Amino acid sequence: MNKSTFTTQKLAKLAMMTAISMVLLLLVRIPFPPAPFLVYDPADVPIYITAFAFGPVEGLIVTLVVCLLQGFGLGGDGLYGFLMHFVATGIVAVAIGLLYQRNKTKKTAVKALVIGVIISVIVMCIMNLIVTPAYMGAPRAAVAAMIPTVIIPFNLLKAGINSLVTFILYKRISGLLHGTGHTIRADETETDKEDKAE
């Protein structure tokens, strides 16, 4: 299991992943057709990759910084936007970090992503029922009516797409994150070079 030792090198890598996340957040924004105020972006991909590479603590740190910058520095929804983004993304990052660090195989990676997405969708339904009426002034009944048609599909789609992209990309770039100087081929064994690099 990875130790959460914050060396200068690791901090630099976390800063790099944070920067990549912010760039993706700014460059790729696709409104969700049933509710255009909800926007898909791939900014969670670098966060998920961070959790895979370094663990849940590092994944949450990058999540926190990205959510703070988005919520308060990039015209986001302030505290409301920060809370919703941090919870939705943080849950997946923690699931990835906790499960994958115990057993670094492709099967575990898939399991971690699926569990993270499912828990995130469930928690976001609860968060919307509690937080949205309080911060946005929307009637709770109206929010509840949106759960099956808007909230679940959007969160499932966003987390699902970002999880799939993460799964495709992670093994190809993990060698660079771990300082081995090379990428890892997609056809390598489940117990791969990444484990030897740590």
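Predicted model, so just to flag it, every value in this text is computed and none were measured. Start at 1 with the first residue, then count along the sequence.
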Measure across [X] and [Y] and return the closest heavy-atom pair with its distance rounded to 0.1 Å.
| X | Y | value |
| --- | --- | --- |
| V143 | A138 | CG2-CB, 3.9 Å |
| A88 | M124 | CB-SD, 3.5 Å |
| F37 | M146 | CZ-CE, 3.6 Å |
| F54 | K10 | CD2-CE, 3.9 Å |
| P33 | P36 | O-CD, 3.7 Å |
| G116 | V92 | O-CG2, 3.5 Å |

Measure the spacing between [atom1] of [X] and [atom2] of [Y] and express it to the nearest 0.5 Å.
| X | Y | atom1 | atom2 | result |
| --- | --- | --- | --- | --- |
| I118 | L113 | CD1 | CG | 11.0 Å |
| K171 | K106 | NZ | NZ | 7.5 Å |
| Q70 | L25 | CD | CG | 4.5 Å |

Handout entry: ring pair (Phe, Tyr, Trp, His ring centres under 6.0 Å) partners of residues 114-133, not counting sequence neighbours, each pair once
Key =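 Output for this query is empty, none listed.
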Practice task
Output every pair passing ring pair (Phe, Tyr, Trp, His ring centres under 6.0 Å) with a member in residues 144-164, not counting sequence neighbours, ordered by first then second residue.
Solution key: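 Counting only pairs at least two positions apart or across chains, the ring pair (Phe, Tyr, Trp, His ring centres under 6.0 Å) contacts touching residues 144-164 are F32-F154.
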Handout entry: I91 and its side-chain contact (heavy atoms from CB on, under 4.5 Å) partner, picked from I96, V123, I122
Key =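 Answer after filtering I96, V123, I122: V123.
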Residue pairs passing the side-chain hydrogen bond (donor to acceptor under 3.5 Å, both in side chains) test where at least one lies in [range], sequence neighbours excluded:
| range | result |
| --- | --- |
| residues 116-131 | N128-T132 |
| residues 41-50 | D44-H85, D44-T89 |
| residues 143-161 | none |
| residues 15-33 | none |

Going by heavy atoms in the side chains, are [X] and [Y] under 4.5 Å from each other?
| X | Y | value |
| --- | --- | --- |
| Y170 | Y100 | yes |
| I30 | V39 | no |
| P31 | L38 | no |
| L169 | V165 | yes |
| N162 | Y40 | yes |

Practice task
Begin from the C-alpha positions of I161 and L157 and carry the test side chain to side chain contact (heavy atoms under 4.5 Å, CB included) through to its verdict.
Solution key: CA-CA 6 Å; I161 291 175; L157 186 66; 3.7 Å; yes
Practice task
Only counting residues at least two apart or in another chain, list the ones meeting side-chain hydrogen bond (donor to acceptor under 3.5 Å, both in side chains) with Y135.
Solution key: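 Listed in chain order: nothing, the list is empty.
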Exercise for the section: Output every pair passing salt bridge (Lys or Arg N to Asp or Glu O under 4.0 Å) with a member in residues 129-157, not counting sequence neighbours, ordered by first then second residue. Expected result: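 Listed once each, the pairs would be none.
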Problem - Residue pairs passing the salt bridge (Lys or Arg N to Asp or Glu O under 4.0 Å) test where at least one lies in residues 111-125, sequence neighbours excluded - result: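 Every pair satisfying salt bridge (Lys or Arg N to Asp or Glu O under 4.0 Å) with a residue in residues 111-125: there are none.
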Practice task
For the pair M17 and I47, evaluate side chain to side chain contact (heavy atoms under 4.5 Å, CB included) and give the outcome as yes or no after the intermediate values.
Solution key: CA-CA 7 Å; M17 299 306 284; I47 294 173; over 6 Å; no
Practice task
Could you tell me which residues satisfy side chain to side chain contact (heavy atoms under 4.5 Å, CB included) with I147, sequence neighbours excluded, listed by chain and number?
Solution key: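 Once residues adjacent in sequence are excluded, the partners of I147 under the side chain to side chain contact (heavy atoms under 4.5 Å, CB included) criterion are C125, L129, I151, I152.
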Exercise for the section: Please identify each residue that fulfils side chain to side chain contact (heavy atoms under 4.5 Å, CB included) with L24, with sequence neighbours left out. Expected result: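 Partners of L24 by the side chain to side chain contact (heavy atoms under 4.5 Å, CB included) criterion, ordered by chain and then number, come out as I20, P42, P46.
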Handout entry: Hydrophobic cluster of L164, others only, ordered by chain and residue number, side-chain cut-off 4.5 Å
Key =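 Once heavy-atom contacts under 4.5 Å are chained together, L164 belongs with I168.
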Practice task
Return yes if some donor-acceptor pair links the side-chain N/O of T108 with the main-chain N/O of K104 below 3.5 Å, else return no.
Solution key: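 No, the answer is negative, given that no donor and acceptor are paired below the 3.5 Å cut-off.
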